[in-house]
Novice: 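Pasting a structure below so you can have a look.
Residue numbers count from 1 along this sequence. Atoms within each ligand, like the ligands themselves, are counted from 1 in listed order.
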Amino acid sequence: MYFADVHCHILPCVDDGASSMREAVAMLQMEYRQGVRTVLLTPHYRRGYFETSRQTVREQFARLCRIMAQDIPDMQLYLGCELYRQNEMGRLLESDSSYCIAGTKYVLIEFMPGDLADTIWRCVGELLIDGYRPVIAHAERYRALRDMKFIRRLVDSGVYIQMNAGSILGECGWSTKHFCSRLLKEGYVHLIGSDAHHTDRRMPCIGPCAEYLRKKLGEREMERLLTENPRAMLAGEYI
Ligand SMILES: [Fe+2]
(Lines give C-alpha, C1' and ligand atoms only; values in the text may rest on other atoms or scores of the structure.)
Protein backbone atom coordinates (compact mmCIF):
# COMPACT_ATOMS: atom_id res chain seq x y z
CA MET A 1 0.00 0.00 0.00
CA TYR A 2 1.27 3.43 -0.93
CA PHE A 3 0.63 6.74 0.82
CA ALA A 4 0.09 10.37 -0.08
CA ASP A 5 1.46 13.51 1.53
CA VAL A 6 -1.02 16.36 1.04
CA HIS A 7 0.81 19.23 2.73
CA CYS A 8 4.49 20.01 2.32
CA HIS A 9 6.96 22.72 1.35
CA ILE A 10 9.13 20.65 -0.96
CA LEU A 11 8.76 22.90 -4.02
CA PRO A 12 12.14 24.68 -3.93
CA CYS A 13 12.93 28.38 -3.57
CA VAL A 14 9.35 29.66 -3.37
CA ASP A 15 8.80 29.90 0.41
CA ASP A 16 10.54 28.85 3.65
CA GLY A 17 10.69 25.21 2.52
CA ALA A 18 13.32 23.46 0.39
CA SER A 19 16.04 25.94 -0.46
CA SER A 20 17.37 24.23 -3.58
CA MET A 21 16.35 21.72 -6.22
CA ARG A 22 18.83 19.34 -4.64
CA GLU A 23 17.07 19.56 -1.26
CA ALA A 24 13.66 19.13 -2.91
CA VAL A 25 14.77 15.95 -4.67
CA ALA A 26 16.33 14.64 -1.44
CA MET A 27 13.04 15.27 0.40
CA LEU A 28 11.08 13.42 -2.27
CA GLN A 29 13.52 10.52 -2.00
CA MET A 30 12.85 10.47 1.76
CA GLU A 31 9.11 10.43 1.05
CA TYR A 32 9.60 7.57 -1.41
CA ARG A 33 11.55 5.48 1.09
CA GLN A 34 8.66 5.94 3.54
CA GLY A 35 6.14 4.49 1.08
CA VAL A 36 4.80 7.77 -0.32
CA ARG A 37 4.00 7.81 -4.05
CA THR A 38 1.78 10.90 -4.24
CA VAL A 39 2.91 14.32 -3.08
CA LEU A 40 0.83 17.47 -3.13
CA LEU A 41 3.17 20.47 -3.07
CA THR A 42 1.64 23.31 -1.06
CA PRO A 43 3.90 26.39 -0.99
CA HIS A 44 2.78 29.22 1.28
CA TYR A 45 0.94 32.23 -0.02
CA ARG A 46 0.61 34.95 2.57
CA ARG A 47 0.27 38.64 1.82
CA GLY A 48 3.32 40.57 2.96
CA TYR A 49 5.29 37.39 3.80
CA PHE A 50 5.17 34.83 1.01
CA GLU A 51 4.12 36.37 -2.27
CA THR A 52 5.97 34.36 -4.91
CA SER A 53 4.02 34.77 -8.14
CA ARG A 54 2.00 31.79 -9.32
CA GLN A 55 3.89 31.99 -12.61
CA THR A 56 7.19 31.34 -10.77
CA VAL A 57 5.56 28.61 -8.68
CA ARG A 58 4.28 26.87 -11.82
CA GLU A 59 7.69 27.12 -13.49
CA GLN A 60 9.39 25.57 -10.45
CA PHE A 61 6.76 22.84 -10.39
CA ALA A 62 7.42 22.04 -14.07
CA ARG A 63 11.19 21.90 -13.41
CA LEU A 64 10.74 19.58 -10.44
CA CYS A 65 8.38 17.32 -12.41
CA ARG A 66 10.93 17.04 -15.24
CA ILE A 67 13.69 16.06 -12.82
CA MET A 68 11.51 13.58 -10.94
CA ALA A 69 10.34 11.94 -14.18
CA GLN A 70 14.00 10.90 -14.62
CA ASP A 71 14.78 10.25 -10.96
CA ILE A 72 11.67 8.53 -9.57
CA PRO A 73 9.17 8.06 -12.40
CA ASP A 74 6.51 6.45 -10.22
CA MET A 75 6.22 9.44 -7.89
CA GLN A 76 3.12 11.51 -8.68
CA LEU A 77 3.39 15.23 -8.02
CA TYR A 78 0.51 17.70 -7.73
CA LEU A 79 0.50 21.43 -7.23
CA GLY A 80 -1.51 23.26 -4.59
CA CYS A 81 -1.01 26.09 -2.15
CA GLU A 82 -1.22 26.76 1.57
CA LEU A 83 -3.23 29.92 1.59
CA TYR A 84 -3.12 32.21 4.59
CA ARG A 85 -6.55 33.60 5.37
CA GLN A 86 -7.09 37.09 4.02
CA ASN A 87 -9.91 39.32 2.95
CA GLU A 88 -11.52 38.64 -0.39
CA MET A 89 -10.20 35.10 -0.71
CA GLY A 90 -12.79 34.42 -3.40
CA ARG A 91 -11.31 37.08 -5.64
CA LEU A 92 -7.79 35.69 -5.19
CA LEU A 93 -8.93 32.14 -5.97
CA GLU A 94 -10.78 33.33 -9.05
CA SER A 95 -7.69 35.17 -10.28
CA ASP A 96 -5.68 31.94 -10.56
CA SER A 97 -6.99 28.41 -10.17
CA SER A 98 -3.57 27.16 -9.03
CA TYR A 99 -4.26 28.59 -5.56
CA CYS A 100 -6.64 25.63 -5.25
CA ILE A 101 -5.51 22.05 -4.77
CA ALA A 102 -4.54 20.45 -8.09
CA GLY A 103 -7.16 22.34 -10.08
CA THR A 104 -10.03 21.12 -7.86
CA LYS A 105 -12.36 23.14 -5.66
CA TYR A 106 -10.43 22.13 -2.52
CA VAL A 107 -8.51 24.96 -0.84
CA LEU A 108 -5.93 24.47 1.92
CA ILE A 109 -6.29 27.38 4.35
CA GLU A 110 -4.08 28.45 7.20
CA PHE A 111 -5.25 30.68 10.06
CA MET A 112 -3.51 32.56 12.84
CA PRO A 113 -3.12 30.34 15.92
CA GLY A 114 -5.18 32.81 17.96
CA ASP A 115 -7.92 33.49 15.40
CA LEU A 116 -11.36 33.50 16.97
CA ALA A 117 -13.99 30.95 16.02
CA ASP A 118 -16.00 33.77 14.42
CA THR A 119 -13.13 34.70 12.10
CA ILE A 120 -12.61 31.09 11.05
CA TRP A 121 -16.33 30.52 10.61
CA ARG A 122 -16.78 33.63 8.46
CA CYS A 123 -13.82 32.76 6.25
CA VAL A 124 -14.81 29.14 5.56
CA GLY A 125 -18.44 30.20 5.20
CA GLU A 126 -17.59 32.60 2.37
CA LEU A 127 -15.59 29.89 0.61
CA LEU A 128 -18.41 27.36 0.94
CA ILE A 129 -20.91 29.85 -0.49
CA ASP A 130 -18.58 30.38 -3.46
CA GLY A 131 -18.52 26.61 -4.07
CA TYR A 132 -15.07 25.87 -2.65
CA ARG A 133 -14.20 23.02 -0.27
CA PRO A 134 -12.10 24.45 2.53
CA VAL A 135 -9.47 22.22 4.12
CA ILE A 136 -8.17 23.62 7.41
CA ALA A 137 -4.38 23.16 7.47
CA HIS A 138 -2.90 21.67 10.67
CA ALA A 139 -6.18 22.07 12.51
CA GLU A 140 -4.51 21.09 15.79
CA ARG A 141 -2.73 24.45 15.87
CA TYR A 142 -5.67 26.75 16.55
CA ARG A 143 -7.05 27.56 19.97
CA ALA A 144 -10.59 27.99 18.63
CA LEU A 145 -10.58 24.45 17.24
CA ARG A 146 -9.89 22.85 20.60
CA ASP A 147 -13.64 23.05 21.06
CA MET A 148 -15.21 19.80 19.84
CA LYS A 149 -18.57 21.45 19.26
CA PHE A 150 -16.97 23.92 16.88
CA ILE A 151 -15.10 21.15 15.06
CA ARG A 152 -18.36 19.23 14.65
CA ARG A 153 -20.10 22.33 13.31
CA LEU A 154 -17.33 22.91 10.77
CA VAL A 155 -17.22 19.31 9.59
CA ASP A 156 -21.02 19.11 9.37
CA SER A 157 -20.95 22.23 7.19
CA GLY A 158 -18.58 20.67 4.67
CA VAL A 159 -15.19 21.77 6.00
CA TYR A 160 -12.32 19.27 5.91
CA ILE A 161 -9.75 18.78 8.64
CA GLN A 162 -6.05 18.27 7.88
CA MET A 163 -3.68 17.28 10.63
CA ASN A 164 0.12 17.26 10.67
CA ALA A 165 1.84 13.88 10.94
CA GLY A 166 4.42 15.31 13.36
CA SER A 167 1.70 16.54 15.74
CA ILE A 168 0.09 13.09 15.69
CA LEU A 169 3.48 11.60 16.58
CA GLY A 170 3.98 13.98 19.51
CA GLU A 171 6.43 16.50 18.05
CA CYS A 172 4.35 19.43 19.32
CA GLY A 173 3.95 18.18 22.86
CA TRP A 174 1.72 15.90 24.83
CA SER A 175 -1.41 18.05 24.87
CA THR A 176 -1.43 18.44 21.07
CA LYS A 177 -0.79 14.72 20.65
CA HIS A 178 -3.68 13.96 22.97
CA PHE A 179 -5.97 16.31 21.04
CA CYS A 180 -4.94 14.73 17.71
CA SER A 181 -5.61 11.29 19.08
CA ARG A 182 -9.09 12.29 20.24
CA LEU A 183 -10.00 13.84 16.89
CA LEU A 184 -8.68 10.80 15.02
CA LYS A 185 -10.65 8.40 17.22
CA GLU A 186 -13.84 10.41 16.77
CA GLY A 187 -13.38 10.39 12.99
CA TYR A 188 -13.03 14.14 12.48
CA VAL A 189 -9.76 14.00 10.56
CA HIS A 190 -9.94 13.75 6.77
CA LEU A 191 -6.36 14.31 5.64
CA ILE A 192 -2.81 14.09 6.97
CA GLY A 193 0.25 15.95 5.73
CA SER A 194 3.87 16.08 6.80
CA ASP A 195 4.15 19.88 6.43
CA ALA A 196 7.79 19.03 5.70
CA HIS A 197 10.12 21.98 5.11
CA HIS A 198 13.64 20.50 4.99
CA THR A 199 15.78 17.35 5.05
CA ASP A 200 17.26 17.99 8.49
CA ARG A 201 14.42 19.68 10.40
CA ARG A 202 10.64 19.53 9.98
CA MET A 203 11.30 16.49 7.79
CA PRO A 204 8.98 14.20 5.81
CA CYS A 205 7.40 11.80 8.34
CA ILE A 206 4.41 10.11 6.68
CA GLY A 207 6.04 6.68 7.08
CA PRO A 208 6.31 6.73 10.90
CA CYS A 209 2.84 8.27 11.08
CA ALA A 210 1.42 5.42 8.97
CA GLU A 211 2.94 2.92 11.39
CA TYR A 212 1.45 4.77 14.35
CA LEU A 213 -2.01 4.94 12.74
CA ARG A 214 -1.92 1.25 11.86
CA LYS A 215 -1.26 0.39 15.50
CA LYS A 216 -3.73 2.88 16.98
CA LEU A 217 -6.64 2.80 14.52
CA GLY A 218 -6.03 -0.25 12.35
CA GLU A 219 -5.11 -0.85 8.75
CA ARG A 220 -8.46 0.24 7.31
CA GLU A 221 -8.51 3.68 8.91
CA MET A 222 -4.85 4.26 8.05
CA GLU A 223 -5.63 3.50 4.43
CA ARG A 224 -8.61 5.87 4.44
CA LEU A 225 -6.52 8.75 5.81
CA LEU A 226 -3.31 8.26 3.86
CA THR A 227 -4.50 6.77 0.58
CA GLU A 228 -8.23 6.93 -0.12
CA ASN A 229 -9.13 10.44 1.01
CA PRO A 230 -6.13 12.07 -0.72
CA ARG A 231 -6.99 10.18 -3.91
CA ALA A 232 -10.59 11.40 -3.81
CA MET A 233 -9.53 15.00 -3.13
CA LEU A 234 -6.94 15.07 -5.93
CA ALA A 235 -9.54 13.67 -8.33
CA GLY A 236 -11.92 16.47 -7.32
CA GLU A 237 -14.38 13.97 -5.81
CA TYR A 238 -16.06 14.36 -2.45
CA ILE A 239 -14.22 12.85 0.49
FE1 LIG B 1 2.57 24.34 5.85
Side-chain angles (χ1 to χ4, degrees), residues 3-19 23-24 26-28 30-31 34 36 38-52 54 56-57 60-61 64 77-86 89 92-93 98-102 104 106-115 120 123-124 127 132-145 159-173 176-177 179-180 183 189-206 208-209 225-226 229-230 233-234:
F3 311 124
D5 185 357
V6 297
H7 179 171
C8 68
H9 301 272
I10 292 179
L11 195 67
C13 313
V14 293
D15 63 4
D16 58 343
S19 54
E23 186 175 26
M27 288 171 82
L28 288 169
M30 288 170 86
E31 296 266 24
Q34 293 178 23
V36 175
T38 303
V39 176
L40 170 64
L41 303 150
T42 53
H44 291 285
Y45 181 83
R46 180 177 178 182
R47 246 179 223 163
Y49 291 84
F50 301 109
E51 294 186 311
T52 305
R54 290 314 279 179
T56 303
V57 165
Q60 281 296 76
F61 179 65
L64 183 59
L77 300 182
Y78 292 86
L79 183 60
C81 177
E82 181 179 14
L83 197 54
Y84 205 86
R85 71 120 168 102
Q86 60 174 69
M89 295 256 283
L92 182 76
L93 292 167
S98 76
Y99 285 114
C100 290
I101 291 171
T104 68
Y106 288 92
V107 188
L108 185 66
I109 316 169
E110 178 179 20
F111 293 94
M112 256 199 257
D115 269 348
I120 295 174
C123 177
V124 296
L127 290 169
Y132 293 104
R133 298 178 199 165
V135 179
I136 298 187
H138 33 63
E140 71 278 10
R141 244 188 231 178
Y142 316 109
R143 237 169 292 152
L145 266 72
V159 173
Y160 297 92
I161 301 294
Q162 182 258 309
M163 202 161 256
N164 277 4
S167 304
I168 293 171
L169 293 169
E171 283 170 14
C172 299
T176 299
K177 185 179 181 185
F179 174 73
C180 291
L183 233 57
V189 180
H190 303 95
L191 297 154
I192 291 170
S194 69
D195 203 358
H197 281 64
H198 296 284
T199 46
D200 55 352
R201 58 197 187 282
R202 301 179 78 186
M203 299 173 283
C205 58
I206 291 293
C209 183
L225 290 165
L226 292 175
N229 288 355
M233 174 175 75
L234 293 168

Novice: Can you name the nearest heavy-atom pair linking P43 to L11, along with the distance?
Specialist: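 Reported closest heavy-atom pair: CG-CD2, 4.1 Å.
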Novice: For Y106 and Y160, I'd like to know if the aromatic rings sit close, meaning centre-to-centre distance below 6.0 Å.
Specialist: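 For Y106 and Y160, the ring centres are under 6.0 Å apart.
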Novice: Compute the ring centroids of H138 and H7, then answer whether they are less than 6.0 Å apart.
Specialist: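 That pair passes the under 6.0 Å test.
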Novice: Between H198 and P204, which heavy-atom pair has the shortest distance, and what is it?
Specialist: O-CD, 3.7 Å
Novice: Flag this pair as yes if the NZ/CZ of R85 is under 6.0 angstrom from the six-membered ring centre of F111 and inside a 45 degree cone about the axis; otherwise no.
Specialist: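 Not flagged: R85 not positioned over aromatic ring of F111.
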Novice: Taking side chain to side chain donor-acceptor pair (under 3.5 Å) as the definition, give me every residue that meets it alongside T176, ordered by chain and number, with sequence neighbours left out.
Specialist: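 Expected list: R146.
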Novice: With 2.8 Å as the limit, jot down which protein N, O or S atoms are around the Fe ion (ligand 1).
Specialist: H7 NE2, H9 NE2, E82 OE1, D195 OD1
